[in-house]
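Heads up, the thing below is written out as structure tokens.
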Amino acid sequence: MIQLQLEGKTAVVTGATRGIGFEVARSLAKCGAKVACIGTNEEKLSKSVDQINSEGGSAKAYICDVSNAEKVKETAKLILTDFGKVDILVNNAGITRDMLMRRITDEQWNDVIGVNLNGTFYITRAFVESMRKSKWGRIVNISSISGLIGNPGQANYSASKAGVIGFTRTISKELANRNITVNAIAPGFIDTDMTAALSDVLIQGIKDRIPVGRIGKPEDIANAVLFFVSEEASFITGQIMAVDGGMIN
């Protein structure tokens with residue numbers, strides 16, 4: 001894990017219950033940041049936060065559906081009351097409802113766009129004023145290689161993640177003069193609960209398409225996040241980093 005000095009910084013991580021989100025929150029906490037962890041499953045989120053705190057970090061759980069604008073406003077108010085400010089925001093919350101485009105229902109489309117794209121907008125809007133006042137901020141949005149190249153059966157997911165990329169590039173220009181950087185990470189195939197459900201044959205087929213010869217780990221994404229929030233990345237904004245083992249080169 002990259003080692004940074006983030007003491008005195010407050011971070012918000014959405015989708016922090018498991019997988020990439022949990023590892024990002026854990027890594028930020030290990031570097032000294034106080035972390036507000038947002039998720040929808042109270043029991044699982046509580047366990048994740050307890051683990052971070054048991055390892056010497058400082059984290060607190062907040063239950064919130066990021067696709068609900070009013071709930072986001074309420075949760076943001078609580079977080080700002082508890083921590084006073086927010087310096088780092090990682091928009092990681094995301095869902096899939098995979099289906100061929102012609103079979104996607106309105107509900108499946110709206111659910112994915114609601115969480116993945118609208119949620120990124122709602123959360124960012126809720127915390128950006130705190131960063132503007134501090135004249136310092138780091139926003140990292142978790143997109144996907146599906147948002148860069150598309151993926152059959154994921155029209156809704158790919159559209160939402162492509163939207164995150166456009167959102168990232170636009171607000172990076174709006175916020176740069178306040179010393180706030182905005183970047184996105186596009187993970188490839190990462191070892192999470194979603195990939196764990198795939199067959200061994202399918203996993204091997206995926207590995208064969210990845211030049212480095214392995215599935216990524218949540219830590220690979222967390223390390224990219226740590227780089228983007230560091231002072232060493234202060235001149236980098238509006239960029240999309242594919243963390244995919246060279247898959248889409």
Side-chain angles (χ1 to χ4, degrees), residues 1-2 4 6 9-68 71-83 85-96 114-124 126-127 130 137-144 160-161 164 183-185 187 190-196 216-229 243:
M1 185 187 78
I2 295 173
L4 304 177
L6 295 178
K9 302 294 186 187
T10 297
V12 173
V13 180
T14 68
T17 303
R18 58 186 180 179
I20 291 171
F22 168 69
E23 195 59 44
V24 168
R26 184 187 190 191
S27 296
L28 290 168
K30 284 184 177 181
C31 291
K34 296 179 180 178
V35 185
C37 297
I38 294 177
T40 57
N41 187 308
E42 185 172 3
E43 182 180 357
K44 291 181 179 180
L45 185 63
S46 178
K47 288 181 179 179
S48 295
V49 166
D50 287 346
Q51 182 174 342
I52 292 170
N53 290 331
S54 71
E55 294 172 351
S58 176
K60 188 171 181 179
Y62 296 86
I63 302 301
C64 178
D65 174 2
V66 298
S67 70
N68 186 316
K71 290 293 184 183
V72 167
K73 289 178 183 178
E74 294 171 8
T75 303
K77 186 176 180 179
L78 282 175
I79 291 172
L80 289 169
T81 297
D82 290 344
F83 293 96
K85 63 171 183 170
V86 168
D87 306 289
I88 297 165
L89 171 61
V90 182
N91 283 302
N92 168 73
I95 63 171
T96 58
V115 173
N116 299 3
L117 183 54
N118 294 350
T120 296
F121 164 62
Y122 296 149
I123 288 284
T124 303
F127 291 112
S130 175
R138 298 287 185 267
I139 300 172
V140 183
N141 298 320
I142 306 301
S143 180
S144 169
S160 71
K161 292 302 188 178
V164 168
N183 293 288
I185 294 168
I190 306 299
D191 185 12
T192 63
D193 289 351
M194 284 190 285
T195 55
K217 301 176 182 178
E219 292 92 327
D220 294 317
I221 308 304
N223 284 334
V225 169
L226 292 181
F227 170 67
F228 274 139
V229 306
V243 182

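Computed from a predicted structure; not experimentally measured. Basis for what follows: all heavy atoms, side chains included, without hydrogens, waters or symmetry-related copies.
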Using 0.5 Å steps for rounding, measure from the CG atom of Asp65 to the OG1 atom of Thr14. 11.0 Å
So how far is it from Ile185 CD1 to Asn91 CG, rounded to the nearest 0.5 Å? 11.5 Å
Nearest 0.5 Å, what's the SG-CG distance between Cys31 and Leu4? 4.5 Å
From Ser67 OG over to Ile95 CD1, what is the distance, rounded to the nearest 0.5 angstrom? 7.5 Å
List in chain and number order the residues that pass salt bridge (Lys or Arg N to Asp or Glu O under 4.0 Å) with Asp87, two or more places apart in sequence or in another chain; answer none if no residue qualifies. Lys85
Closest approach of Ile190 and Pro187, non-hydrogen atoms and distance? CG1-CB, 3.8 Å
Atom OG1 of Thr10 and atom CD1 of Ile79: how far apart are they, to the nearest 0.5 Å? 10.0 Å
Taking side chain to side chain donor-acceptor pair (under 3.5 Å) as the test, write out the residues that go with Ser48, two or more places apart. none
Can you list everything that forms a side chain to side chain donor-acceptor pair (under 3.5 Å) with Glu55? Sequence neighbours excluded, please. Arg26, Gln51
Which pair of heavy atoms, one from Ile52 and one from Ala25, lies closest together, and at what distance? CD1-CB, 3.9 Å
Which atom of Lys161 lies closest to which atom of Ser144, heavy atoms considered: CG-CB, 3.8 Å
Verify the neighbour count for atom NZ of Lys34: are there more than 12 heavy atoms of other residues, nucleotides or ligands below 6.0 Å? no
Shortest non-hydrogen contact from Ala36 toward Tyr62: CB-CE1, 3.7 Å
Output the distance between atom CG (Leu45) and atom CG (Asp50), rounded to the nearest 0.5 Å. 9.5 Å
Give the intermediate values and the outcome of side-chain contact (heavy atoms from CB on, under 4.5 Å) for residues Asn223 and Ser27. CA-CA 8 Å; Asn223 284 334; Ser27 296; 5.5 Å; no
Applying side-chain contact (heavy atoms from CB on, under 4.5 Å), run through Thr192 and Arg18 and close with a yes or a no. CA-CA 8 Å; Thr192 63; Arg18 58 186 180 179; over 6 Å; no
Using salt bridge (Lys or Arg N to Asp or Glu O under 4.0 Å) as the criterion, list what pairs up with Glu42, not counting sequence neighbours. none
Stepwise side-chain contact (heavy atoms from CB on, under 4.5 Å) check, Val24 with Val140: CA-CA 11 Å; Val24 168; Val140 183; over 6 Å; no
Distance-only, no hydrogens or angles: does the Lys47 side chain make a donor-acceptor pair with backbone N or O of Thr17 under 3.5 Å? no
Under the rule for side-chain contact (heavy atoms from CB on, under 4.5 Å), what residues qualify as partners of Asn41, not counting sequence neighbours? Glu43, Lys44
Among Val90, Leu89, Ile88, Asn183, find the residue that satisfies the side-chain contact (heavy atoms from CB on, under 4.5 Å) test when tested with Arg138. Ile88
Hits for salt bridge (Lys or Arg N to Asp or Glu O under 4.0 Å) against Asp82, two or more places apart or cross-chain, chain-then-number order -> Lys60
Run the numbers on Tyr122 and Asn68 for side-chain contact (heavy atoms from CB on, under 4.5 Å), then give the verdict. CA-CA 8 Å; Tyr122 296 149; Asn68 186 316; over 6 Å; no
Identify the two heavy atoms, one from Asn53 and one from Ala59, that lie closest to each other, and give their separation to 0.1 Å. OD1-N, 2.8 Å
Shortest non-hydrogen separation from Asn141 to Thr120 and the atoms involved: OD1-CG2, 3.7 Å
